[in-house]
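Before any comments, here is the structure.
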Amino acid sequence: MSSGVGKVVCVTGASGYIASWLVKLLLQRGYTVKASIRDPNDPTKTEHLHALDGAQDRLQLFKANLLEEGSFDSAVEGCEGVFHTASPFYHDVTDPKAELLEPAVKGTLNVLNSCAKSPSIKRVVLTSSIAAVAYNGKPRTPDVVIDETWFTDPDVCKESKLWYVLSKTLAEDAAWKFVKEKGIDLVTINPAMVIGPLLQPTLIQVLQHLTLGVLILHEVPDYFFTSLCDAGARTFPNASFGWINVKDVANAHIQAFESPTAGGRYCLVETVAHFSEVVRILRELYPTLQLPEK
């Protein structure tokens with residue numbers, strides 16, 4: 001587990017759910033990690049990172065803002081690889097353009113602009129989402145295979161007001177166009193529902209809506225909250241989703257950086273499960289929880 005010894009990499013949005021696990025596993029592999037955080041003075045964002053094995057010697061925190069041009073220059077300087085995981089994720093959106101779309105797209109381009117200035121960078125790994133893959137109006141019947149060639153249709157997103165889905169789609173699309181122009185080696189990771197243990201002590205914004213407190217999600221459609229997690233909910237969605245463990249997602253990022261043959265987009269799904277199956281598992285694990293019956 002020491003293939004990163006002597007190598008320096010950057011992780012943006014390092015206090016996030018997937019990013020925290022990524023930092024942990026990178027440190028385990030011997031990497032020196034330059035981690036960007038919007039507010040390095042906020043202990044709820046940094047304490048769990050400082051506590052990681054290897055952090056004392058090999059973790060450096062940098063202040064960076066997605067909307068500030070040049071903000072990531074010092075964080076990516078001298079790095080061999082950059083993992084861009086930072087992206088806004090809000091459930092209650094009043095101004096989609098300002099809250100989600102601009103930070104996602106501009107933030108991605110700001111990070112890539114900083115990468116373009118640093119000749120040491122060999123590869124950028126972007127945390128995208130199955131959200132940028134699957135929403136294109138095509139049928140999703142059992143005989144249809146969704147793969148990395150699919151791209152979400154922005155018009156479908158706008159019609160259905162899927163603003164988070166649109167933000168991930170536009171950000172990934174902008175990234176591919178930018179790297180083609182600048183000759184940067186990019187790999188994207190497109191996970192489905194990401195679940196598993198939290199490393200950080202406080203729940204990130206999306207998780208504050210969960211009354212269950214046991215199901216930790218990354219990519220969550222709006223109706224999930226209202227249907228399953230609200231106190232006293234009587235029904236769960238008649239829907240199936242792909243699910244993947246957060247540790248596998250973090251590992252996939254590292255493999256995407258380390259493997260010379262990696263390229264393009266990688267859809268990550270470990271299991272496809274209907275919400276009825278999710279409720280059944282939760283009922284077995286947490287028999288005292290009030291969960292919907294139908």
Side-chain angles (χ1 to χ4, degrees), residues 4 7-20 22-23 26-27 31-46 49-50 55 58-90 95-129 132 163-164 166-189 200 204-205 253-254 256-257:
K7 292 177 181 174
V8 183
V9 292
C10 171
V11 177
T12 70
S15 61
Y17 176 43
I18 292 171
S20 295
L22 181 53
V23 171
L26 285 165
L27 289 171
Y31 286 94
T32 293
V33 180
K34 297 173 82 174
S36 86
I37 292 177
R38 196 166 42 188
D39 182 8
N41 297 318
D42 181 352
T44 63
K45 306 281 189 200
T46 60
L49 296 174
H50 285 308
R58 292 180 283 107
L59 179 65
Q60 302 160 21
L61 298 187
F62 289 79
K63 183 181 171 68
N65 187 320
L66 284 172
L67 292 176
E68 227 172 274
E69 208 173 314
S71 177
F72 293 88
D73 286 4
S74 55
V76 305
E77 194 183 351
C79 291
E80 278 189 41
V82 173
F83 299 89
H84 177 41
T85 76
S87 192
F89 188 3
Y90 300 111
D95 183 348
K97 190 178 178 189
E99 291 172 61
L100 280 174
L101 304 180
E102 279 188 1
V105 177
K106 277 189 182 170
T108 297
L109 292 176
N110 279 339
V111 171
L112 289 173
N113 255 314
S114 293
C115 293
K117 298 175 197 170
S118 184
S120 61
I121 293 169
K122 293 177 180 170
R123 179 171 287 170
V124 177
V125 179
L126 172 71
T127 311
S128 186
S129 167
W163 303 121
Y164 172 71
L166 182 60
S167 77
K168 295 302 278 187
T169 305
L170 296 179
E172 193 189 332
D173 185 48
W176 283 116
K177 285 173 179 161
F178 183 91
V179 299
K180 196 175 174 186
E181 201 179 293
K182 300 281 185 182
I184 295 170
D185 182 4
L186 177 73
V187 180
T188 72
I189 301 294
Q200 60 267 58
I204 49 178
Q205 205 273 346
H253 281 72
I254 296 170
F257 170 64

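Position 1 is the first residue of the sequence; numbering continues from there.
- Inter-residue side-chain proximity for Asn110 and Leu66 is flagged as unmet; no heavy-atom pair is nearer than 4.5 Å.
- When all heavy atoms of Leu100 and Ser167 are compared, the closest pair comes out as O-CB, 3.8 Å.
- Counting only distance, with no hydrogens or angles, the side chain of Ser36 and the backbone of Gly13 share a donor-acceptor pair below 3.5 Å.
- Within the 4.5 Å cutoff, side-chain heavy atoms of Leu49 are placed close to those of Ile37.
- Arg123 pairs by the salt bridge (charged side-chain N to carboxylate O under 4.0 Å, His left out) definition with Asp185, not counting sequence neighbours.
- In this structure, the side chains of Leu61 and His50 come closer than 4.5 Å at one or more pairs of heavy atoms.
- The side chain to side chain donor-acceptor pair (under 3.5 Å) check on Ser20 picks up His48, with sequence neighbours excluded.
- Every residue two or more places apart in sequence or in another chain that forms a side chain to side chain donor-acceptor pair (under 3.5 Å) with Lys177 is listed here: Asp173.
- Considering only residues two or more places apart in sequence or on other chains, Asp39 meets the salt bridge (charged side-chain N to carboxylate O under 4.0 Å, His left out) condition with none of them.
- Ser118 meets the side chain to side chain donor-acceptor pair (under 3.5 Å) test with Ser120; sequence neighbours excluded.
- In this structure Pro40 satisfies the side-chain contact (heavy atoms from CB on, under 4.5 Å) test together with Lys63, sequence neighbours excluded.
- Between Asp95 and Glu99, the closest heavy-atom pair is N-OE2, 2.7 Å.
- When every heavy atom of Lys168 is checked against every heavy atom of Thr127, the shortest pair comes out as NZ-O, 3.1 Å.
- Ala55 meets the side-chain contact (heavy atoms from CB on, under 4.5 Å) test with Leu27, Leu52, Leu59; sequence neighbours excluded.
- Scanning both residues, Ala104 and Ala171, for their nearest heavy atoms gives O-CB, 3.6 Å.
- The shortest side-chain heavy-atom distance between Val11 and Leu26 falls under the 4.5 Å cut-off.
- Residue Glu69 places its CD atom among 12 or fewer non-hydrogen atoms of other residues, nucleotides or ligands, all under 6.0 Å distant.
- Remark: Thr12 pairs with His84 by the side chain to side chain donor-acceptor pair (under 3.5 Å) rule, at least two apart or across chains.
- For Phe257, the ring pair (Phe, Tyr, Trp, His ring centres under 6.0 Å) partners are Phe83, not counting sequence neighbours.
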Return all side-chain donor-acceptor pairs below 3.5 angstrom for residues 71-79, not counting sequence neighbours, or 'none' if the list is empty.
{"residue": "Ser71", "atom": "OG", "partner": "Asn65", "partner atom": "N", "Å": "2.7"}
{"residue": "Ser71", "atom": "OG", "partner": "Asn65", "partner atom": "O", "Å": "3.4"}
{"residue": "Asp73", "atom": "OD1", "partner": "Ser114", "partner atom": "OG", "Å": "2.6"}
{"residue": "Asp73", "atom": "OD1", "partner": "Lys117", "partner atom": "NZ", "Å": "3.2"}
{"residue": "Asp73", "atom": "OD2", "partner": "Lys117", "partner atom": "NZ", "Å": "2.9"}

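- Rounding to the nearest 0.5 Å places CD of Glu172 at 10.0 Å from CD1 of Ile189.
- Under the side-chain contact (heavy atoms from CB on, under 4.5 Å) criterion, Leu109 pairs with Val105, Ala174, Phe178, not counting sequence neighbours.
- One distance of note links CD1 of Ile18 with CG of Leu22; it measures 9.0 Å at 0.5 Å rounding.
- In terms of heavy atoms, Cys115 sits closest to Ile121 at CA-CD1, 3.6 Å.
- Residues meeting the salt bridge (charged side-chain N to carboxylate O under 4.0 Å, His left out) test with Lys122, sequence neighbours left out: Glu80.
- In this structure, the separation between CZ on Phe62 and SG on Cys10 is 8.0 Å, given to the nearest 0.5 Å.
- For the atom pair OG1 of Thr169 and OH of Tyr164, the computed distance is 10.0 Å after rounding to the nearest 0.5 Å.
- Contact detail for Trp163 and Leu101: the closest heavy-atom pair is O-CD2, 3.8 Å.
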